[in-house]
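Let me begin by presenting the structure, written as C-alpha cells, before commenting on it.
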Amino acid sequence: MRERKRCRIQEGRGRRHSKRAGPPRGPDGGGELPRNDRTGARVGGMRFSKLFGKTLRQAPAEAESISHQLLLRTGMIAQEAAGIYSYLPLGWRVLRKIEQIIREEMDKAGGQELLLPVLQPFEFWQQSGRNVAFGESLFTMTDRRKRILALGPTHEEVVADLVSRYVQSYRDLPLLLYQIQTKLRDEPRPRGGLLRVREFIMKDLYSLDADESGLDESYRLVSQAYRNVYARMDLPTLMIEADSGAIGGKESHEFMVLSETGEDEIIHCAACGYAANAEKAEFNKAVESDAGAAPSPGSGAGNPRELLPMEEIATPEARTIVQVADLVDVPTTETLKSVFYVAGGEFLIVVIRGDLDINETKLTNALKCSDLRLATEDEVSKSGLVAGFASPVGLKGVRVVADDSVKSRAHFITGANKSGYHLRNINYPRDFQADVVADVALARTGHRCPRCRSELSSVRGIEVGHVFKLGTFISERFGASFLDRDGGSRPVIMGSYGIGLGRLLAAVVEQSHDDKGIIWPQSIAPYQVCLCSLHADRAEISAAAEQIYEDLQQSGLEVLFDDRIDSPGVKFNDADLLGIPLRLTLSPRTLESRSVEAKRRTEKESRLLPFEDLTRQVTSLLAETRESQP
RNA sequence: CGGGGUGUGGCGCAGUGGCUAGCGCGCAUGGUUUGGGACCAUGAGGUCGGAGGUUCGAAUCCUCUCACCCCGACCA
C-alpha cells in the first residue's frame, strides 16, 4: 500500500510536469527523441495531445449527410462559408494521400503534370463560348485596370491556348496533360458538406490527339487509370453513360459511387449491364400488348387511308392526362401530353406520350439552347393556349418539339385547344407536325432497357469522376491545330477527364463507416496505426509507449499516438471515430505480459502482440489487412 | 430564383414582454478515478446573427436585412 501511494504521488508530479513541459522524455532520460516535441509534429507520427482539431461528440446541426457529419465530428474539415471549407490536418493528410494515388495513376497512364492559372482572361471564355454554358456558375472578378478575369472552373481554354502555341505537328501528339489544383464554381446550391462545393481541388486531365482513334485510346487509358484509382481506395464504382452538360462534347461517361446521398439518378439494367445517368438514359418506348399500335413503331404513320378520322370529344373538367384517360377509359399510353417551355426567349410546345415525362436535359440538347424553363401560366394564355386542353393540333406560329414516342402508335387522344374538349384519333404526322422530333423522354424504373428490353431500375449515385470526348470545338476556336503527315492543318482532338478530390473523399466516408465513425481504407487513412496508452500518466506506461511510438515510426509507419491523460472510453471512441485501420493499446495489463493489444477497425476481436519484434508484427498485420480488403 | 427551416458561449439545446439569460458536452484549475465517451469542487467564456422600430422595460412583439441548412429550379 505504501509503495503504491508513493507511486501515485510521483505520477501526480509527472503529470504536472508533462502538462507544463510537453510530453515526457524517452525512457533513458530524453535527448533521443526527434525534435519538434514542442508541437508534436513529426514526419510519420503525431501526438493526439498536440493535434490541431478536436473531435466532437455531437455533429453540428447543419450537417445532414453522414460524410458531412463525420468529417465535421472528426475535425477533418471546417466550414467557412456555404460550399467553402478548410481542411484541418487530419483531413488534409487524407486528401494528400488521395492526390498522390491519383498522381501516380495519371503518371502511369502517361500523363504529364503541370500547373495552370486560377485567374483566366475572360476573353478565353468568350472565345470558347462556354461563358454562356457556365452562366452564373462562372466566378468573375475585375482587376484594377477594369479587365475582367474568370476564376477557373475548369481549364480546357487554357490548355487549348497552350496547345495552340506549343503543338505544331502530329509528331507532338498524343499528349496527356493534367493538373491537380483548386477550381472555383459559383454553384447555385452547395450541399452535403464536401459533396458539392464552390471551391474544390480537382484533378483534371486533358488528352490531345491527332485523330479519333487516338482519342479513343486516350479515353480508354484514362478510364482505366480511373478504375485503378478507385480500386486503390477500395471504392466500388460504376461507369455509366452521361450527358456532357456545360463542358460540352459528344461521348461522356461518369464514374458513380452508389449511394442514397448521391444527387444523380442512375438508370441501370441488371440483365445486360446498360447503365446511364437519368439525364441521358434511353429506353424502349414500345408499349407491350398494345393492340391499337397500328403503325409499327418507327414507321411514322401507316397508310393514311387506314387511319380513323379525327373526332372531338367533350371532356369537361378533365385537365390532366390521368383525368382524360380515366374519362375516356384508355391507358395513358394512348394519350399525348403537351408541355410549354421557354427556350432562349422563345415559347414552344413539347408533345410527348401521356405516360412519359420530359427529360429537360435531353430537351436542352435537342434544342441546342442553354436556358430552358417551364413557361409561366401568363405566357401560356398569351400564346392563346388553354392549359389542360392544349395540343399542337391546328396550332400555328408556335414551335413544336415532339418526343419520338408520338410515332410509337396511332390514334392518340390529345387536347382540342378549346376548354372542355379533347380530340380522338390523332396521328403524327397526319394531324400535327413538329419542328423537332427527338428523344426527350425521361427514363424511369420499370421502363424497358434500350438494349435488351429487360426492366430498368434506378439507383442514386455520387459522381466521383467524369470523362468527356470533347472533340474539336474548343481547339478550333483557339486555333489549336497541327500539321498532319500530308502537310494539312487539322484541329487537335481534345478529351477532358476530371476527378473532384474532396468529393471522392466524402464518397469514401459515405461508403465506409459504421455507427462509431469512419472506416478508412488503409491506402488513404490519415494514419495507419493509432497507439493508445491507457493510464498514460504512469511513468512505466508512458516510457514503454514512447518507445513503441518511436519504434513504429522508425520502421516507417504512420502513427497517431494517443498520449492524452484520458479514460479508455474516450480514446477508443476517438480511434473508432477517426477510422484508423489498426489500434494498438498499451495498458498496465498488457505491459505486465510485455505486449500490446492490436485491434483492427473492421473487427471486433483483438489479439496480443508481444513487444519482441513488434514493428514487424504490426507491419504484417497491416499488410494482411490490405490484402483482405476487396 | 421559388418553397420550407434555423440563427442564444467552441458543439448540442432550453428560454414567447418583467429581477443578474440557463442546461448538457467541451474548456481551465485542484482532487478522486481509469479496458468503451468517469466523478466532485471551483472557474472562464454570451454585442441572444445585424439594423431600425414599438414599449417604462425586448432574446421574446413589429419591419427590414444577413448568414446557414433542406427540397426544387439549376449545376461537374
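Each chain gets a letter, A, B and so on, in the order its sequence line appears, and its residues count up from 1.
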Looking at B:rG72, B:rC25, B:rU34, which one has an atom nearest to any side-chain atom of A:Arg57? B:rC25
Hey, is A:Asp243 close enough to A:Lys362 for a salt bridge, meaning N to O under 4.0 Å? no
Indicate, with a heavy-atom threshold strictly under 4.0 Å, whether A:Thr590 touches base, sugar-phosphate, or nothing. base
Separation of B:rC68 P from A:His68 NE2 (nearest whole Å): 12 Å
Decide, yes or no, whether a salt bridge links A:Arg373 with A:Glu360 under the criterion of side-chain N to carboxylate O below 4.0 Å. no
With side-chain contact (heavy atoms from CB on, under 4.5 Å) as the test, pick out the partner of A:Cys532 among A:Lys599, A:Lys571, A:Arg564. A:Lys571
Could you check whether A:Glu360 gets within reach of a base, just the sugar-phosphate, or nothing at all, counting any heavy atom under 4.0 Å? sugar-phosphate
Nearest-Å distance, CZ (A:Arg185) to P (B:rC74)? 18 Å
A:Leu70 CG to B:rC11 P, straight-line distance once rounded to whole Å: 18 Å
Picking from B:rA73, B:rG35, B:rG37, the nucleotide nearest the side-chain atoms of A:Asn573 would be B:rG37
Any chance the side chains of A:Ser207 and A:Tyr497 put a donor and an acceptor closer than 3.5 Å? yes
Is it true that A:Glu265 and A:Arg444 make a salt bridge, defined as a side-chain N closer than 4.0 Å to a carboxylate O? no
Check whether any side-chain nitrogen or oxygen of A:Lys54 sits under 4.0 Å from OP1 or OP2 of B:rC27, and answer yes or no. yes
Can you tell me which nucleotide in B:rU34, B:rG12, B:rG36 comes closest to the side chain of A:Gln58? B:rG12
Choosing from B:rG37, B:rG12, B:rC70, which nucleotide comes nearest the side chain of A:Pro60? B:rG12
RNA chain B: A:Ala61 or A:Asp574, which has the more 5' nearest nucleotide? A:Ala61
Assess whether a salt bridge exists between A:Asp514 and A:Arg601, defined as any Lys/Arg side-chain N lying under 4.0 Å from an Asp/Glu carboxylate O. yes
From B:rG35, B:rG72, B:rG36, nucleotide with atom closest to A:Lys599 side chain: B:rG36
When you measure from every atom of RNA chain B, which of residues 502-509 of chain A have a heavy atom less than 4.0 Å away? A:Arg503
Counting any heavy atom closer than 4.0 Å, what does A:His535 reach on the DNA or RNA strands: base, sugar-phosphate only, or nothing? base
Looking at B:rA38, I'd like to know if its phosphate oxygens (OP1 or OP2) sit under 4.0 Å from a side-chain N or O belonging to A:Ser567. yes
A:Gln79 side-chain N/O to B:rC69 phosphate OP1/OP2 under 4.0 Å: yes
Assess whether a salt bridge exists between A:Lys280 and A:Glu254, defined as any Lys/Arg side-chain N lying under 4.0 Å from an Asp/Glu carboxylate O. no
Write down the partner of B:rU63 under the Watson-Crick or G-U wobble criteria, each distance required to be under 3.5 Å. B:rA51
Between A:Ser137 and A:Asp566, whichever has its closest RNA chain B nucleotide further toward 5' is A:Asp566
Would you classify A:Glu187 as touching base, sugar-phosphate or nothing, given that sugar-phosphate means primed atoms plus P, OP1 and OP2, and contacts are heavy atoms under 4.0 Å? base
